[in-house]
Each structure stands twice: as structure tokens, then as C-alpha cells.
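Quick caveat: nothing in here was measured; it's all calculated off a predicted structure.
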Amino acid sequence: MNRSHHYVFVLWADRFDEAATAIFVTMLREVGMRVKVVGLTPQPINGAHGLILQPDFTLDEALALAPHTTCLIIPTTLAGLKRFQHDPRLAELLQQAQANQSRFVFASGDETNLDEGSFSAAEQVTIYPNIEDLQEFVQDLAGSFV
């Protein structure tokens, strides 16, 4: 896979996990992946513990690049993501990424919700581990794109 033409998007919204976000973004960028933090809004956004991050792209900008998405990392549980179901842009991004056979990476804790019709192919979904094991997980994830 030519990594220079594909994006890894890290979705960023209010109360998402900033520790996991920082690990994913820094480690994947270190190995040369094109990683962009995508905000549901263009303003700086508060994480779960008060850290404020400025998105690289808005959700609208990410939609234009969705056909080039290889992975969509969502540093929250599926239950946390449901707070944003009313946003049709998010549904469109998820659908386009799924059609592109992108990998989806969610926080642990909601594995039982994977059969609710959100994703037609469970093999596209990966649940990332707790923070103590996350660095090793991200190294393996980066290796899977080579």
C-alpha cells in the first residue's frame, strides 16, 4: 500500500479520549502515516480530561478525502459516538470509509454493540486495548498498513 496517498483519520469530538488520541497520532505519524485529526467542529475541542485539541481538518474537509481513507480511529466507545448520530456528515463519513474497506478502531467496552447494523463487516472493526497496552497495539496497527 502506498501510504502517501491514504489517510488515517482520528475523529475528535467533545469528551473523546485525549490520551489515546495522542498515542495514535504521534506513533502513526512517526512511521510516516498521513494522520489527520478530524473535528466535528472547526473550533478547539475539549477531551475527556480537559485537554483541548485543535483539529487538522473539519468533518466537511475529511468528507472530500474519504475515498482515500484507510483507517478511521474513533477514540471513544460506540456508546460515546452515538451522541453524534444526529450529524448526517458523520454518518456519511462512516459510510464512505466502510465502502472504501477502511479499518475502524474504537475504544474497548462496546463490543456487544457491533451487531447493531452500524458496520456490515465486523472484520473492519478493531477494538483497541486499555492505555497500558496501547503503544504495542499502535505499532502492530502501523505494521498492518505496510
Check: What class does the angle between the rings of F16 and W12 fall in, given that below 30° is parallel, 30 to 60° is tilted and above 60° is perpendicular?
Finding: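 Aromatic pair F16/W12 classed perpendicular.
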Notebook entry, point to check: So Y128 and F24, would you call those rings parallel, tilted or perpendicular, with 30° and 60° as cut-offs?
Noted result: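 The arrangement is perpendicular - the two ring planes meet at more than 60°.
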Checklist line | Any residue meeting side chain to side chain donor-acceptor pair (under 3.5 Å) with N100, in chain and number order, not counting sequence neighbours | finding: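 Once residues adjacent in sequence are excluded, N100 has no partner under the side chain to side chain donor-acceptor pair (under 3.5 Å) criterion.
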Margin query: Going by side chain to side chain donor-acceptor pair (under 3.5 Å), name the residues that satisfy it together with Q95, two or more places apart in sequence or in a different chain.
Written below: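 Partners of Q95 under the side chain to side chain donor-acceptor pair (under 3.5 Å) test: none.
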Notebook entry, point to check: Within a reach of under 6.0 Å around CD of Q135, are more than 12 heavy atoms found that belong to other residues, nucleotides or ligands?
Noted result: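 Atom CD in Q135 is not crowded, with 12 or fewer foreign heavy atoms closer than 6.0 Å.
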Note to self: Are more than 12 heavy atoms, taken from residues, nucleotides or ligands other than Q101, located less than 6.0 Å from that residue's CD atom?
What the structure shows: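 No.
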Margin query: Closer than 3.5 angstrom, by distance alone: can the side chain of D140 be matched with the main-chain N or O of G143 as a donor-acceptor pair?
Written below: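 No, D140 side chain to G143 backbone: no donor-acceptor pair under 3.5 Å.
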Margin query: Check whether E18 reaches the backbone of I52 with its side chain - one donor and one acceptor, N or O, closer than 3.5 Å.
Written below: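 No: the side chain of E18 does not pair with the backbone of I52.
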Spacing of [atom1] belonging to [X] relative to [atom2] belonging to [Y], to within rounding of 0.5 Å:
X: Q96; Y: L65; atom1: CD; atom2: CG; answer: 10.0 Å
X: T126; Y: F137; atom1: OG1; atom2: CZ; answer: 5.5 Å
X: T58; Y: Q43; atom1: OG1; atom2: CD; answer: 10.5 Å
X: I23; Y: I73; atom1: CD1; atom2: CD1; answer: 11.5 Å

Check: Can you find a heavy atom in the side chain of L53 that is under 4.5 Å from one in the side chain of I45?
Finding: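 Not in contact.
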Item checked: Side-chain touch R103/S144, heavy atoms, less than 4.5 angstrom ->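 The answer is yes, as the side chains (C-beta and beyond) meet within the 4.5 Å cut-off.
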Notebook entry, point to check: Do you know which of L72, I74, V35 makes side-chain contact (heavy atoms from CB on, under 4.5 Å) with F9?
Noted result: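 Per the side-chain contact (heavy atoms from CB on, under 4.5 Å) rule, the option paired with F9 is L72, out of L72, I74, V35.
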Notebook entry, point to check: Of all residues at least two apart in sequence or in a different chain, which pass the salt bridge (Lys or Arg N to Asp or Glu O under 4.0 Å) check with D60?
Noted result: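 D60 satisfies salt bridge (Lys or Arg N to Asp or Glu O under 4.0 Å) with R89 only.
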